[in-house]
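What follows is a short report on a single structure.
In this chain, numbering begins with 1 at the start of the sequence shown.
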Amino acid sequence: MSVRPIVLLGDPRLRLKGLPVDTFGKFLHGLLDDMTDTMRHAPGVGLAAPQVGEALQACVIEVKDTLYELINPQIVRTSGDDRDLEGCLSLPGYYAYVTRREKVWVVAQNRNGKKIKVSGSGLLGRALQHELDHLDGKLFIDYLGSMDELIPVGSDDDDESGAADDEHPTHTREAAKVLA
Ligand code: NI
């Protein structure tokens, strides 16, 4: 297992649509292990294969000490809406409020090709939607009306974005957990 460099915003590989995985062997297992290492090292709660330069439908998420390895994942059902801060390991140093579905149900395969189901709300629900977007070449900034909506990390002392931070001081610090 090893930590790989994370592809950053501006690199065209982040915008590629991941190809379906049809071989569940050594290459995939090595990739997943490296992705988990890289996610934990960052640290973040999720990482998608395109973020380490592999245009494949594979991602990892770790929430509350549970590691999810999702291959060829699809959202099959959603409910509600939820607006909260999130950030991306491919865009370090910034967060933004993004409205997503409150709860999602996902069908995927595990590292051996077996069908699995995962559902989640809150942090897990948000991470699932964030990572599945990466597999489509989509980023959280695509939901913003303007890049002015990005909030710099640690901007509690920053006059320019003071209004948003005064309103949500704890959210800004909590957002470190939403990096994915
Ligand atoms: Ni991300």
- request: Carefully, step by step, assess Leu56 and Leu31 under the rule side chain to side chain contact (heavy atoms under 4.5 Å, CB included).
  value: CA-CA 10 Å; Leu56 290 171; Leu31 174 63; 3.9 Å; yes
query: Roughly how far apart are Thr38 OG1 and Met1 CE, rounded to 0.5 Å?
result: 8.5 Å
query: Does any pair with a residue in residues 60-78 pass salt bridge (charged side-chain N to carboxylate O under 4.0 Å, His left out), and if so which ones, sequence neighbours excluded?
result: Arg40-Glu62, Glu69-Arg111
- prompt: Taking side chain as C-beta onward, heavy atoms only, is His134 less than 4.5 Å from Cys88?
  reply: yes
task: Compute whether any side-chain donor of one residue and acceptor of the other, for Asn72 and Gln57, lie under 3.5 angstrom apart.
output: no
statement: Between Val52 and Val7 the two heavy atoms that sit nearest each other are C-CG2, 4.1 Å
- prompt: Are Leu8 and Leu91 close enough that some pair of their side-chain heavy atoms sits under 4.5 Å apart?
  reply: no
task: Could you tell me whether the side chain of Tyr143 reaches within less than 4.5 Å of the side chain of Lys138, counting heavy atoms only?
output: yes
query: Okay, side chain of Asp37, backbone of Ser2: is any donor-acceptor separation there less than 3.5 Å?
result: yes
- line: Taken to the nearest 0.5 Å, the spacing of Leu47 CG from His41 NE2 works out to 12.5 Å
query: What is the distance from atom CE of Met35 to atom CG of Leu67, rounded to the nearest 0.5 Å?
result: 10.0 Å
field: Heavy-atom closest pair, residues Gln51 and Ser90
entry: NE2-OG, 3.0 Å
field: Test log, rule side chain to side chain contact (heavy atoms under 4.5 Å, CB included), inputs Leu124 and Tyr68
entry: CA-CA 10 Å; Leu124 177 58; Tyr68 302 89; 3.6 Å; yes
- prompt: Does a side-chain N-to-carboxylate-O contact under 4.0 Å join Lys26 and Asp33?
  reply: no
query: With a 4.5 Å limit on heavy-atom distance, are the side chains of Arg100 and Asp84 in contact?
result: no
4.5 Å side-chain heavy-atom contact, Ile141 and Leu150: yes
- prompt: Transitive ILVMFWY cluster of Trp105 at side-chain heavy atoms under 4.5 Å: who else is in it?
  reply: Val76, Val107
message: I'd like to know if Asp81 pairs up with Lys103 as an ion pair, taking the criterion as any Lys NZ or Arg NE/NH1/NH2 lying under 4.0 Å from an Asp or Glu carboxylate oxygen.
response: no
field: Presence of salt bridge, Arg13 and Asp11, under 4.0 angstrom
entry: yes
message: I want to check something: taking the side chain as every heavy atom from C-beta on, are Val63 and Thr66 in contact at a cut-off of under 4.5 Å?
response: no
query: Under 4.5 Å between any side-chain heavy atoms of Glu54 and Phe27, yes or no?
result: yes
task: Decide yes or no for Tyr94 and Val153: does some side-chain heavy atom of the first lie under 4.5 Å from some side-chain heavy atom of the second?
output: no
query: Listed by chain and number, what are the salt bridge (charged side-chain N to carboxylate O under 4.0 Å, His left out) partners of Asp82, not counting sequence neighbours?
result: Arg126
message: Rounded at 0.5 Å granularity, tell me how far CG in Leu135 sits from CD in Gln74.
response: 9.5 Å
- prompt: Going from CD1 on Ile116 to CD1 on Ile71, what distance comes out if it is rounded to the nearest 0.5 angstrom?
  reply: 7.5 Å
message: To the closest 0.5 Å, what do you measure between OG (Ser79) and CZ (Arg101)?
response: 7.0 Å
